[in-house]
Amino acid sequence: QMLLFARRELCRKRRTKKKRGGGLTDVSDKMELLDVTVGDVTCGLGNVFYNKGAIGAFVTLKRKPAGHWGHDDTATAPKQKPSVTKLLLVSAHMAAHAKHVEARNDDYWRIVEELTTQAPSHFLP
C-alpha cells in the first residue's frame, strides 16, 4: 500500500508541475526510487494487537545522472558522483494523555529497536 501511495503521489506531483508551467522543482526529477521495504511493530495489548504501534518505510533513492535534469548537453552538465539517500519514514499511534508518558517512551524505544532489526541489509551501515 505504501508503494502504491508513493507512486500515486509522484504522478500527482508531475501533473501539478505541468499545471504550474514547469517552474516547480520536483524530487522525482532528480532522484530515482531504488527500493522500498516496509516494517511494522505492534505495541497494543500484550504487544500483539495492532491497535497501537508503528509502520516504517525504508526508502532508498539514488541521484539521477545530470543529463536527466533538463540539460541539453550532458558534457556541459555539472559532474556529480552518484549518491544514494536512505530515508526511514515512520508513522506511529501510541497511548494518549499525560498519564501514559512512560508507556509512550517504552513504545518508542521498542519501535526503534524492532525497526532496526527489520531494516534491509543494505540500509544500515
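All of these numbers come straight from a predicted model, not from anything done at the bench. Numbering of residues begins at 1 and proceeds along the displayed sequence.
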Return each pair, listed once, that meets salt bridge (charged side-chain N to carboxylate O under 4.0 Å, His left out) where at least one residue sits in residues 33-43; pairs must be two or more places apart or across chains. none
Identify the residue among Val38, Leu89, Val90 that makes a side-chain contact (heavy atoms from CB on, under 4.5 Å) with Ile55. Val38
Tell me, which pairs form a ring-ring contact (aromatic ring centres under 6.0 Å, His included) where one or both residues lie in residues 98-125, sequence neighbours left out? Phe58-Phe123
Please determine which of Asp106, Ile111, Asn51 meets the side-chain contact (heavy atoms from CB on, under 4.5 Å) test together with Cys43. Ile111
Would you mind reporting whether Glu32 and Leu34 have side-chain heavy atoms less than 4.5 Å apart? yes
Could you walk me through whether Leu33 and Leu61 pass the side-chain contact (heavy atoms from CB on, under 4.5 Å) check? CA-CA 5 Å; Leu33 182 64; Leu61 302 166; 3.8 Å; yes
Test side-chain contact (heavy atoms from CB on, under 4.5 Å) on Arg63 and Met31; report intermediate values, then the result. CA-CA 4 Å; Arg63 184 191 332 235; Met31 303 295 279; 4.2 Å; yes
Minimum heavy-atom separation for His97 and Arg104, please, with both atom names. O-NH1, 2.9 Å
Gln118 vs Val41, side-chain contact (heavy atoms from CB on, under 4.5 Å): CA-CA, chis, key distance, verdict: CA-CA 10 Å; Gln118 295 178 35; Val41 181; 4.1 Å; yes
